[in-house]
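So the structure is just underneath, and the comments pick up after that.
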Amino acid sequence: MSEILPIFPLQLVAFPSEDLNLHIFEPRYRQMMRECEEQGTTIGIPAKLNKRVQEYGTELKLVEIVKRYADGKMDIRTKGIGVFRIEEFFSRAPDKLYAGAKIKRLRDHLKSDVLLSTQIIEKIAELFELMKIKKDIPSAQDFMTFKMGHHVGLSVDQEYELLCIQSEEDRQEYMLDHLRKLLPVVREMESLRQRVQMNGHFKDVIPPKI
């Protein structure tokens with residue numbers, strides 16, 4: 001079933017289950033957030049890529065207005081609750097300052113493959129070790145691709161591709177393929193860093209046999 005959703009396009013990809021903190025300063029979005037607070041409405045954040053609002057986006061609920069400023073600006077916390085597809089976009093929603101869209105909420109197939117999760121986690125652990133990143137990695141039983149979507153070196157375009165995939169197993173395959181391609185590049189960068197760092201040091205070199 002289609003319904004009209006307030007739309008807040010941003011040059012980023014928001015994922016379901018993500019906690020997203022935003023600073024709201026434009027009058028149209030201040031109006032949007034006041035309505036969320038007073039009426040319990042949700043908002044949609046589609047990615048704006050290459051100067052175009054994309055077809056898919058994430059629906060978010062307002063969790064908390066953390067701070068209100070004297071000039072009406074506010075800092076808010078939101079949480080992603082699901083993916084939608086835009087069926088018709090309106091640059092101005094009826095009688096509103098902000099944009100709106102007729103959307104269809106999409107059903108996500110959440111069943112995952114534990115073996116794929118294990119393989120992904122191993123590669124994420126190697127990536128974090130190579131890049132000296134200290135961040136918790138979920139267990140295979142708790143792993144969900146959307147929860148790690150911003151932490152595996154995907155470009156914004158790739159994050160959007162991940163968002164558009166409506167099966168967790170297919171998202172796992174996508175992420176695993178990405179990591180398989182990324183890790184050799186990162187390993188080579190680390191090797192290059194070490195070679196550059198060693199330049200000028202005394203080297204223990206074994207000459208070849210002649």
Side-chain angles (χ1 to χ4, degrees), residues 1-3 5 7-22 42-50 52-63 77-87 89 101-131 133-187 189:
M1 188 176 76
S2 300
E3 80 174 66
L5 190 69
I7 293 295
F8 190 172
L10 290 173
Q11 293 179 330
L12 56 79
V13 173
F15 289 126
S17 78
E18 177 182 357
D19 296 316
L20 183 63
N21 301 329
L22 297 168
T42 55
I43 65 170
I45 294 187
K48 187 174 182 180
L49 306 176
N50 302 315
R52 188 171 70 87
V53 175
Q54 301 300 304
E55 182 181 8
Y56 289 80
T58 296
E59 184 176 7
L60 298 97
K61 65 179 180 180
L62 176 66
V63 175
R77 291 198 303 116
T78 67
K79 190 173 189 67
I81 57 176
V83 179
F84 64 85
R85 185 179 69 244
I86 293 176
E87 297 188 329
F89 180 77
K102 182 185 291 186
I103 62 105
K104 181 176 182 180
R105 292 184 175 91
L106 302 178
R107 182 181 176 186
D108 200 304
H109 300 282
L110 296 174
K111 184 178 180 297
S112 63
D113 184 308
V114 175
L115 178 59
L116 286 175
S117 294
T118 302
Q119 294 174 346
I120 292 169
I121 288 167
E122 288 173 355
K123 294 193 179 302
I124 292 175
E126 181 182 355
L127 177 67
F128 284 6
E129 183 177 356
L130 286 168
M131 300 190 70
I133 294 172
K134 296 187 182 299
K135 187 181 291 290
D136 291 335
I137 302 173
S139 67
Q141 288 72 27
D142 297 329
F143 183 84
M144 293 295 289
T145 50
F146 281 149
K147 290 185 178 179
M148 295 300 292
H150 293 309
H151 308 293
V152 293
L154 294 170
S155 68
V156 176
D157 287 334
Q158 289 172 319
E159 289 183 352
Y160 179 70
E161 289 176 0
L162 186 71
L163 180 72
C164 295
I165 301 171
Q166 294 171 47
S167 158
E168 177 64 8
E169 284 192 32
D170 290 343
R171 287 193 294 268
Q172 288 178 302
E173 294 280 7
Y174 182 94
M175 185 172 285
L176 185 58
D177 181 64
H178 162 73
L179 288 164
R180 283 172 175 157
K181 294 174 181 175
L182 177 65
L183 277 169
V185 177
V186 177
R187 290 188 201 111
M189 289 174 60

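All residue numbers in this chain count up from 1 along the given sequence.
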Exercise. What are the two closest heavy atoms between Gly149 and Leu162, and how far apart are they?
Worked result: CA-CD2, 4.2 Å
For this session: Side-chain contact test, heavy atoms from C-beta onward, threshold under 4.5 Å: evaluate it for Arg180 versus Gln119 and give yes or no.
Result: yes
Problem set entry | Side-chain ion pair, Glu55 and Arg85, N-O less than 4.0 Å | yes
Exercise. Do the non-hydrogen side-chain atoms of Leu5 and Glu59 ever get within less than 4.5 Å of each other?
Worked result: yes
Seminar exercise, completed: Taken to the nearest 0.5 Å, the spacing of Phe8 CZ from Leu60 CG works out to 10.0 Å
For this session: Test Met189 against Met131 for side-chain contact (heavy atoms from CB on, under 4.5 Å), laying out the working first.
Result: CA-CA 10 Å; Met189 289 174 60; Met131 300 190 70; over 6 Å; no
For this session: For residues Gln158 and Leu154, report the shortest heavy-atom separation together with the two atoms involved.
Result: OE1-CA, 3.4 Å
Exercise. Between Val53 and Pro46, what is the shortest heavy-atom contact and its length?
Worked result: CG1-CG, 3.6 Å
Problem set entry | Residue among Glu168, Gln172, Glu169 satisfying side-chain hydrogen bond (donor to acceptor under 3.5 Å, both in side chains) with Thr145 | Glu168
Exercise. Can any side-chain N or O of His151 pair as donor or acceptor with the backbone N or O of Lys135 at less than 3.5 Å?
Worked result: no
For this session: Write down the atom of Thr58, the atom of Gly80, and the distance for their closest heavy-atom approach.
Result: CG2-CA, 4.0 Å
Exercise. In Å, rounded to the nearest 0.5 Å, how long is the span from CG of Leu116 to CD of Glu173?
Worked result: 5.0 Å
Exercise. Does Gln54 use its side chain to pair, donor to acceptor, with the backbone of Leu49 at less than 3.5 Å?
Worked result: yes
For this session: Could you tell me whether Lys79 atom NZ has more than 12 heavy atoms of other residues or ligands within 6.0 Å of it?
Result: yes
Exercise. Got a donor-acceptor contact below 3.5 angstrom from the Ser167 side chain to the His109 backbone?
Worked result: no
Exercise. Got a second to check how far Ile120's CD1 is from Asp177's CG, nearest 0.5 Å?
Worked result: 10.5 Å
For this session: Evaluate the criterion side-chain contact (heavy atoms from CB on, under 4.5 Å) for residue pair Phe146 and Leu110; output intermediate values, then yes/no.
Result: CA-CA 11 Å; Phe146 281 149; Leu110 296 174; over 6 Å; no
Exercise. With no hydrogens and no angle check, is any side-chain donor or acceptor of Thr118 less than 3.5 Å from a backbone partner on Ala140?
Worked result: no
Exercise. Side chains of Leu163 and Glu159: does their closest heavy-atom pair fall under 4.5 Å?
Worked result: no
For this session: Would you check if the side chain of Tyr160 reaches a backbone N or O of Tyr56 as a donor-acceptor pair within less than 3.5 Å?
Result: yes
Exercise. Are Thr42 and Phe84 close enough, and set up right, to give a side-chain contact (heavy atoms from CB on, under 4.5 Å), and what steps lead you there?
Worked result: CA-CA 12 Å; Thr42 55; Phe84 64 85; over 6 Å; no
For this session: Kindly indicate whether the side chain of Gln166, heavy atoms from C-beta on, has any atom under 4.5 Å from the side chain of Val83.
Result: no
For this session: State, yes or no, whether a side-chain contact exists between Leu130 and Leu183 at a heavy-atom distance under 4.5 Å.
Result: yes
Exercise. So, the side chain of Asp113 versus the backbone of Leu115: is there a donor-acceptor pair under 3.5 Å, distance only?
Worked result: yes
Exercise. What distance separates Asp170 CG from Cys164 SG, expressed to the nearest 0.5 Å?
Worked result: 13.0 Å
Exercise. Hey, what's the ring geometry for His150 with Phe15, parallel, tilted or perpendicular (30° and 60° as the breaks)?
Worked result: tilted
Exercise. Got a second to check how far Leu10's CG is from Ile45's CD1, nearest 0.5 Å?
Worked result: 5.0 Å
Problem set entry | Rounded distance (nearest 0.5 Å) linking atom NZ of Lys102 with atom CD1 of Ile86 | 13.0 Å
For this session: Spell out, as yes or no, whether a donor-acceptor pair under 3.5 Å connects the side chain of Arg77 to the backbone of Val63.
Result: no
Problem set entry | Atom CD of Glu126 with >12 non-hydrogen neighbours under 6.0 angstrom | yes
For this session: For residues Leu20 and Ala14, report the shortest heavy-atom separation together with the two atoms involved.
Result: CD2-CB, 4.3 Å
